[in-house]
Amino acid sequence: MIFVTGGAGFIGSNFILNWIKKHNEPVLNIDKLTYAGNLENLKSVENNPNYLFAKTDLLDLAGLEKLVNEHKPRAILNFAAESHVDRSIHGPGDFIQTNIVGTFNLLQVTKDYWSQLPDVEKKSFRFLHVSTDEVYGSLELNDAPFSETTPYAPNSPYSASKASSDHLVRAYHHTYGLPTVTTNCSNNYGPYQFPEKLIPLVIHNALKGKDLPIYGDGSNIRDWLYVVDHCDAIELALEKGRLGETYNVGGWNEKKNIEVVDTICTTLDKLRPRADGKSYLTQKVFVKDRPGHDKRYAIDATKIEKELGWKPAENFETGLAKTIKWYLDNETWVGNIVSGNYREWLDKNYGGRR
Ligand code: NAD
Ligand code: TYD
């Protein structure tokens, strides 16, 4: 079986759903269930015999040890993290704990477990670390996209904590020979993304008649990748990635934030017109910029394309159309998060099982 940490979050839950569709191999989801962890994402597989769940914190060393010794995974994929830049600005402590200390704990437990495996299993074992392009810092408009050799220059507490975790993974490969692979991906979007991030926040606020807050003048640029394309890239890296290597993953889709917001508004105008006949564009509001706001992210994904044969299936237009449709079809999912009802659902479903 494989372990996925942070499997109740946005990318982790998409990965598990995708994995269970394609493979007949069990997956254990290890998640602390922070505000960003939502087991409702995995409702469609909760009774599938190939899906298991352990509510465990990466800071709980003994809990992690127990899980590896009991289930003997052939691979551990680390998605768990505090992931929101704005939250890291208001309160960096949790980012240091989970992203740095948590990854360190997971590496320690993995190393101890891996080092006593029989040779064949030891050779085939993998530790896959899911990271971000934000570790490379910020680009100017004319700079070449980030490649795997771009020096690390993280600018936010979030990206600094992720950079630190990447360095630990690198060190565990270099020093102890742990068979690791790291992926550094650009901004994801798609189903089950918590509505604190730009795309789901704008869709949700638009439909609720609220302001659409645009930081600064909206000219900051991000590269966007549909989440399922990211999940496919991670699977390929797990299967075929060279040990100790890092792979950049991106959609070749650089967009200014303002373009993203405008496209969401005009798509919603067609799919769910406002009752008063006005455009959702009228809800846009320019607000105070994020401190230290990175100007531009862009990814050169040539290495993963050439070495592993990965290419994104969606472009921004097709991926965004799918995403908007998903949010329109799943307003209860968003509603539950926003109202906190999904916590009640958790208590109802898991409260009596201890
Ligand atoms: P998310 O915030 O949606 O989910 C994170 C998950 O980790 C949640 O389920 C949460 O409960 C869990 N978690 C947090 N702290 C934990 C702890 N101490 N122990 C166990 N579980 C814990 O994040 P996401 O957007 O799904 O991102 C997943 C990974 O991908 C992260 O490592 C992130 O840095 C990376 N990444 C994200 C993006 C993006 O655009 N979202 C892009 C590139 C890389
Ligand atoms: P976000 O989704 O938070 O991802 P990240 O900061 O990791 O790139 O933000 C994407 C971009 O959108 C980023 O440049 C900040 C901007 N943004 C807004 O303009 N308004 C918002 O309300 C949010 C959440 C983000």
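Read the numbers this way: they start at 1 and go in the same order the structure lists the ligands and their atoms. These values consider heavy atoms only, across backbone and side chains, with no hydrogens, waters or symmetry-generated copies. Keep in mind that this is a model prediction, so the values were computed, not measured.
- Between His84 and Phe194, the gap from one ring centroid to the other reaches at least 6.0 Å.
- Within the 4.0 Å heavy-atom criterion, the part of His84 lying near ligand 2 is the side chain and not the backbone.
- Within the listing of ligand 2, atoms 18 (C), 19 (O), 20 (N), 21 (C), 22 (O) sit less than 4.0 angstrom from a heavy atom of Pro213.
- In this structure, Trp310 contributes its side chain and Asp229 its backbone to a donor-acceptor pair below 3.5 Å.
- Ring planes of Trp326 and Trp333: perpendicular class, angle over 60° (limits at 30 and 60°).
- Put simply, part of Ser186 is less than 4.0 Å from ligand 1, judged by heavy atoms.
- Heavy atoms from other residues, nucleotides or ligands lying under 6.0 Å from CG of Asp329 number more than 12.
- Those atoms of ligand 1 that come under 4.0 Å of a heavy atom in Gly37, given as number and element, are 8 (C), 9 (O), 11 (O).
- If you check each of Ile11, Thr132, Leu106 against atom 37 (C) of ligand 1, the one with the closest non-hydrogen atom is Ile11.
- When only non-hydrogen protein atoms are considered, atom 3 (O) of ligand 1 lies nearest to Phe10 N, 3.0 Å.
- Each of Thr5, Thr110, Thr182 was evaluated against Asn78; a single residue qualifies, Thr5, per the side-chain hydrogen bond (donor to acceptor under 3.5 Å, both in side chains) test.
- Looking from atom 19 (O) of ligand 2 to the surrounding protein, the closest heavy atom is Tyr215 N, 2.9 Å.
- Put simply, no part of Leu59 is less than 4.0 Å from ligand 1, judged by heavy atoms.
- The residue from Asn187, Thr103, Thr98 that puts a heavy atom closest to atom 15 (N) of ligand 1 is Thr98.
- Summary of contacts: the protein heavy atom closest to atom 4 (O) of ligand 1 is Gly9 CA, 3.3 Å.
- Residue contacts with ligand 1, taken as heavy atom pairs separated by less than 4.0 Å, involve Leu33 solely via the backbone atoms N, CA, C and O.
- Contact atoms of ligand 1 toward Val130: 30 (O), 32 (O) (distance under 4.0 Å to a heavy atom of the residue).
- The CZ atom of Arg222 sits 8.0 Å away from the CG atom of Asp133 when rounded to the nearest 0.5 Å.
- Between Glu254 and Lys295 there is no salt bridge, since none of the side-chain N atoms of the basic residue sits less than 4.0 Å from a carboxylate O of the acidic one.
- The option with the heavy atom closest to atom 34 (O) of ligand 1, from among Tyr158, Phe79, Phe194, is Tyr158.
- Distances from atom 18 (N) of ligand 1 to the heavy atoms of Asn188, Asp31, Asp57, Leu77 put Asp57 nearest.
- In this structure, atom 43 (C) of ligand 1 lies nearest to the protein heavy atom Cys185 O, 3.3 Å.
- Between Lys284 and Asp262 there is a salt bridge, since at least one side-chain N of the basic residue sits less than 4.0 Å from a carboxylate O of the acidic one.
- Nearest protein neighbour of atom 21 (N) of ligand 1, counting heavy atoms only, is Lys32 N, 3.1 Å.
- A donor-acceptor pair shorter than 3.5 Å can be found between the side chains of His129 and Ser165.
- Annotation for ligand 2: atoms under 4.0 Å from non-hydrogen atoms of His293 are 13 (C), 14 (O), 15 (C).
- Residues Asp166 and Asn184 bring a donor and an acceptor atom of their side chains to less than 3.5 Å of each other.
- Atoms of ligand 2 lying under 4.0 Å from any heavy atom of Arg222, numbered from 1 in the order shown and given with element: 8 (O), 13 (C), 14 (O).
- Ion pairing between Lys72 and Glu121 fails under the 4.0 Å rule for side-chain N and carboxylate O.
- Remark: side-chain polar atoms of Asn29 are not paired, donor with acceptor, to backbone N or O of Phe53 under 3.5 angstrom.
- Heavy-atom contacts of Leu201 reach the following atoms of ligand 2: 22 (O) (cutoff under 4.0 Å).
- The shortest N/O to N/O separation between Asn257 and ligand 2 falls below 3.5 Å.
- Counting heavy atoms under 4.0 Å from ligand 2, residue Asn187 touches it through the side chain alone.
- Remark: minimum distance from atom 32 (O) of ligand 1 to any protein heavy atom is reached at Lys162 NZ, 2.6 Å.
- Less than 4.0 angstrom separates some heavy atom of Glu134 from each of these atoms of ligand 2: 5 (P), 7 (O), 8 (O).
- Ion pair Lys322/Glu314 flagged as a salt bridge, since at least one NZ, NE, NH1 or NH2 atom sits closer than 4.0 Å to an Asp/Glu carboxylate oxygen.
- Looking only at protein heavy atoms, the nearest one to atom 10 (C) of ligand 1 is Thr34 OG1, 3.3 Å.
- Under the 4.5 Å side-chain criterion, counting only non-hydrogen atoms from C-beta, Ser219 is not in contact with Ile258.
- Every atom of ligand 2 with a heavy atom of Glu196 under 4.0 Å away is listed here by number and element: 24 (C).
- Using a cutoff of 4.0 Å between basic side-chain nitrogens and carboxylate oxygens, Glu307 and Arg242 are scored as salt-bridged.
- Within the 4.0 Å heavy-atom criterion, neither part of Val202 lies near ligand 2.
- By the 4.0 Å heavy-atom criterion, Thr56 is counted among the residues contacting ligand 1.
- Distances from ligand 1 to the non-hydrogen atoms of Gly7 include no value under 4.0 Å.
- Judged by distance alone, the side chains of Tyr215 and Asp86 do bring a donor and an acceptor atom under 3.5 Å apart.
- The environment of Lys111 atom NZ is dense: over 12 non-hydrogen atoms of other residues, nucleotides or ligands sit within 6.0 angstrom.
- For ligand 2, the atoms lying closer than 4.0 Å to a non-hydrogen atom of Ile214 are 19 (O).
- Between Leu58 and ligand 1, at least one pair of N/O atoms sits closer than 3.5 Å.
- The aromatic rings of Phe316 and Trp224 lie tilted to each other, with the angle between the two planes from 30° to 60°.
- The protein heavy atom nearest to atom 2 (O) of ligand 2 is Leu198 N, 2.9 Å.
- Ranking protein heavy atoms by distance to atom 23 (O) of ligand 1, first place goes to Ser83 OG, 3.2 Å.
- Closest protein heavy atom to atom 44 (C) of ligand 1: Ser131 O, 3.1 Å.
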